[in-house]
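Please read these numbers as outputs of a predicted model, since none were measured by experiment. Per chain, numbering begins at 1; letters A, B, ... match sequence-line order. Every heavy atom of this structure was used, including side-chain atoms; hydrogens, water molecules and symmetry mates were not.
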Amino acid sequence: MTPLLQVKGIEKHYGARIGCADVNFDLFPGEVMGIVGESGSGKSTLLNCLAGHLTPDAGQVIFDTRAEGPVDTVTMSEPARRMLGRTDWAFVHQHARDGLRMNVSAGGNIGERLMAVGARHYGDIRARAVDWLDRVEIAENRVDDRPSAFSGGMQQRLQIARNLVTEPRLVFMDEPTGGLDVSVQARLLDLLRGLVRQMGLSALIVTHDLAVVRLLADRLMVMKDGHVVESGLTDQVLDDPQHAYTQLLVSSVLQV
Amino acid sequence: MSDYNFAYLDEQTKRMIRRAILKGLAVPGYQVPFASREMPMPYGWGTGGVQVSAATLTPEDTFKVIDQGSDDTTNAVSIRKFFEKTAGVAVTEETEKASVIQTRHRIPEAPLREDQILVYQVPIPEPLRFLEPRETETRKMHSLEEYGLMHVKLYEDISQHGAIATAYAYPVKVADRYVMDPSPIPKFDNPKLEMAAIQLFGAGREQRIYAVPPYTKVVSLDFEDYPFEATKADHACDLCAAEDSYLDEVILDDAGNRMFVCSDTDYCRTRREAGHVGRLGEEVAA
Amino acid sequence: MSISTKKKSAMIELTGVSKSFVLHNQGSAVIPVMAGAELRVAAGDCVALTGASGAGKSTLMRMIYGNYRANAGRIMVGGTDVAKAAPREIIALRREVLGYVSQFLRVVPRVATLEVVAEPLLALGVPEDQARARAAELLARLNIPERLWSLSPTTFSGGEQQRVNIARGFAHDYPALLLDEPTASLDPTNRAVVLGLIEAAKARGAAIIGIFHDAEARAQVCDREEDVSAFTPQAAA
């Protein structure tokens, strides 16, 4: 089986400081991988390098495109990379307002990606927007409301709908449950799990919340000071951590 | 007259503007940056259009200025006088006789010819501005032809008003490539953007020039199920009885009486001189 | 029922498996917990792990499941060496071949019980209605009242949670099953149901490894006992 994403030797420096270095992994179709580590460990830098928001100083991010098979997205043309960003890739930001157009209605937010890839039938676009609102458990009658009138959890679900409407194959998530109430988090996690299964999505989830990765991620990568210190099956890394830092991280979690 | 260089601007500046105009004509709809000069009038009074006109005019030209279709508003009169004084060119109020027409917010009703140039005053040249405020991002969207956002605006219109409510500055796609703001002309005028004359657009404050060469394809954006419509008030002109011209609504008194008249004053006058009489034509004449 | 295990090829086979924990944050203390573990379980067989508390029964089971990492040796389950397999191979193994009924139910809060039980089937691509029907059948059999099916099991009593866990573990007909105290905290009726499920699984050819403190249950369903004390490093020394 061809990996959906092959990451080879990704490196990013901020001056003399290491953002991330020597990151290598393969992600297969349908796999969900968590990336954990404390603030400043390089996990967000890595995610942004992989998603094409930052240009890595070295390394390859090879994506198995529908049309041409595996292509290095670091060296591909910007139009092609941005096209990927609107079709086969999705990016869910921690703060919904970074991923939504706050002055555009919920329906318009969901429809944007469809229109960006050429949808020109208002009725169809609206029908798909309504369908996606339903899938992320937002009432249909909110379709014309602006996201500013939504709660934090609803905004985050709307952001997910907006991203998934073009049925991407790879979703990048940066702390998708960060800043949400615990009860709202649970609902979002459940929703994400269902969508990942139904759509066969592959996902990379950056978080510092170990409970989130345990429930969502098949695999886990632990980062510290820009380097991957441990990776493996999620429950194995969490229940039998091998690296000193992972052991510290796992033992630092407060038990409820 | 000797106090000014021809048409106010110095020759170097005009050459710079002409280069921008030529580039604009070569890449229809593309916003060409130019070093806009301070003009002896405030921004918003057509400084972009005036600079384009200054770079376009020759001593042999006949110049006409319209503001919302009218030749006799303060703005139109001021600009016309400005070039009378600084360029000494002939001026006219007749569309037919003009070789260069500077306009604010209208396209003349009479079809323009190949030997005419229409210069638009543009307040905001960037059609994507209202949805994406970052200039770096909108430039990238233009260069990569990412125009989905433009349709988001139309989608919002339909979802809020049941129809595309954008009535002026209605976005168009030029020569199948660039999405362009046609300046705040009513969308009634959009079909006329495909014409024989050269169309030049100048935005002074924003320092942009763009152009539509003669006979260039200009398509108003729309949805399959909500097609573009060039709408106008559903009346005939009360002065000249024209049914095909864009109308202004004029309140006549406190009792709510009103009349509809051609916004293009030259067109209306020409028709009346040819004997067309509207509903209130006799009274007004009397 | 007693078929000779030696003639059949083993579904689960452990060879020379050892394990130690290194506690980096506690002076890098090395705690050896298992050495030279050997185990063979053929299809249709049920083996009980025995030994005193702390002898390593759960550790061994977790290693077979891939939850704990083996330091040495081979852990073959249906042709996959869990000790060396890539995460996605273990995930595929867990989805299709190897089931595990742990003592604790770990689920996303607010997900309905019926969904929790149906999930292993949905992950295999079984149509939703079929998966739910199977889940409903198991829940009914384990005497979970139907009015609870739409609720999250997180609010259930210990015994109810245990039965939901068992239902989930038996939803798919795994060729290999790990059972950690499946009959603990169950009343006699439900205990009988669970033992019935285990016997049915054996009959269809599942290889089963279980930890049973309940000696009677162990005697009823297990073909053999393996004392893991033999693999504890202290015993070996």
Looking at E78(A), R120(A), R113(A), which makes the most heavy-atom pairs under 4.5 Å with chain B? R120(A)
Can you tell me if CD on E229(B) sees more than 12 non-hydrogen neighbours from other groups inside 6.0 Å? no
Sub-4.5 Å heavy-atom contacts with chain B: which residues of residues 127-143 of chain A show up? V143(A)
For K232(B), does the NZ atom sit with more than 12 other heavy atoms under 6.0 Å from it, leaving out its own atoms? yes
Sub-4.5 Å side-chain heavy-atom contact between M115(A) and M150(B): no
Sort L131(B) into side chain, backbone, both or neither according to what part of it lies under 4.5 angstrom from a heavy atom of chain A. both
Report, in residue-number order, which members of residues 188-201 of chain A are under 4.5 Å from chain B by heavy-atom distance. none
Name the member of G107(A), G111(A), G123(A) that forms the most heavy-atom pairs with chain B at distances under 4.5 Å. G107(A)
Looking only at non-hydrogen atoms, find the nearest pair between L144(B) and R82(A) and report the distance. CD1-CD, 3.1 Å
With a 6.0 Å cut-off (strictly less than), is the heavy-atom count around NE2 of H235(B), excluding the residue itself, greater than 12? yes
Search all heavy atoms of H121(A) against all heavy atoms of D225(B) and return the closest pair with its distance. CE1-OD2, 3.0 Å
Using a cut-off of under 4.5 Å for heavy-atom pairs, which of Q160(B), K153(B), E137(B) has the most such pairs with chain A? E137(B)
With a cut-off of 6.0 Å (strictly less than), are more than 12 heavy atoms of other residues, nucleotides or ligands near CZ of R113(B)? yes
Using non-hydrogen atoms and a 4.5 Å limit, figure out which bit of R86(A) sits close to chain B: side chain, backbone, both or neither. side chain
In terms of heavy-atom contacts, S159(B) and Y122(A) come closest through CA-OH, 3.2 Å
Minimum heavy-atom distance E112(A)-L149(B), with the two atoms named: OE2-CD1, 3.5 Å
Contact summary for Y155(B) and G108(A), nearest pair of heavy atoms: CE2-N, 3.3 Å
Residue R129(B) excluded, over 12 heavy atoms near CZ under 6.0 Å: yes
